Amino acid sequence: MSYDSEISRSQPTAILFIVDQSASMSDRMPSERSKADFVSDVLNRSLVNLITRCTKGDGTRDYFDIGVIGYGHTGARNGFQGSLANSVLNPISAVEASPLRVEDRMKKVDDGAGGLVEIATKFPVWFESNANGGTPMCEALTLCAEELVNWCDSHPESYPPTVIHITDGESTDGSPEEIANALKQISTNNGQTLLLNLHVSSSAAKQREFPDSDIDLPDSYSKMLFKMSSMLPPHLVSAAKEKGYSVSAESKGFIFNADASAIVDFFDIGTRTTQLR
């Protein structure tokens, strides 16, 4: 386990989001928003945060190659559209330049007198919410692996890729465990691909965050997702601890039955990397 290579324009890293867009993602969370809508908003906000991290005095530096794979009724496909549709992984400067649209959203901020006031803010949208069909998880992981084999061959000295997989149900095209294990073997000289799995909840069942064993997981499905997940490298252990999670050196990048707060945290922790240069 290394995961300590500095990230630079000559040695970027890759972050690839895989998003379940099956029919069950239309289920409502306690906030009454669908899981699909909430996840797409968090993903788009995460892209804004990554762009901000790459913005320097000379513009947006290409520290990251970013991709999204959505899977549902049309199988697994590039989750980007428009000018980003020709390639699954795109430099972050290209992502910044090519949102599908920019929406006006209302945001509550401190009014300076102990209250809150709503102000209009711009919200770029790259990834559209969708929920339809089955859950072809194996196809999505296979597409991801194909992309990352080529990427790692072209970036042998880079910080290894991070895959953030969001799902709410079991695969409908076979067991994904073998494909996930193969995906985690794809590597650069600095370490193996990190596969982080987020199970999105619409129920009040007990949440399990970053477990270090499968003993307390409730069923074979959650145990499988645990096995599929990578062990957190030290800097992600530190990031999880900063957010108040109880984690250890043996913790895996996995949350089961994640509520809204945990979804936001998982995206933030998963997109942390080593030093940008």
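As the structure is a computational prediction, the values presented were derived from the model and not from experiment.
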| request: Measure the shortest side-chain to side-chain distance between Q192 and Q185 over non-hydrogen atoms and say whether it is less than 4.5 angstrom. | output: yes
| said: One pair to check against side chain to side chain contact (heavy atoms under 4.5 Å, CB included): F127 and Q21. What are the steps and the verdict? | reply: CA-CA 11 Å; F127 179 72; Q21 295 188 298; 3.2 Å; yes
| field | Polar side-chain atom of D62 near backbone of S93 as donor-acceptor pair, under 3.5 Å | value | yes
| So, does T271 use its side chain to make a donor-acceptor pair with the main chain of D268 at under 3.5 Å? | yes
| Are I15 and L232 grouped together when hydrophobic residues (ILVMFWY) are joined by side-chain heavy atoms under 4.5 angstrom apart? | yes
| said: Is the distance between the ring centroids of Y159 and H235 under 6.0 Å? | reply: yes
| task | May I ask you to test the P12-S158 pair for a side-chain heavy-atom distance under 4.5 Å? | result | yes
| query | Only one of I51, L89, I92 clears side-chain contact (heavy atoms from CB on, under 4.5 Å) with F64; which? | reply | I92
| Are side-chain heavy atoms of E128 and Q81 found at a separation under 4.5 Å? | yes
| said: Given F210, which partner from the list Y245, F254, F256, F226 fulfils the ring pair (Phe, Tyr, Trp, His ring centres under 6.0 Å) test? | reply: Y245
| query | Salt bridge check: are K35 and D20 linked by an N-O gap of less than 4.0 Å? | reply | no
| query | Counting only N and O atoms by type, is there a donor-acceptor contact under 3.5 Å from the side chain of D219 to the main-chain atoms of S222? | reply | yes
| field | Heavy-atom check, side chain of L196 versus side chain of H165, under 4.5 Å | value | no
| Do the side chains of L16 and I7 join up, straight or via other hydrophobic residues, at under 4.5 Å, putting them in one cluster? | no
| field | Sub-6.0 Å ring centroid separation between Y221 and H199 | value | yes
| message | Under a 3.5 Å distance rule, please check whether S34 uses its side chain to pair with a backbone N or O of D37 as donor and acceptor. | response | yes
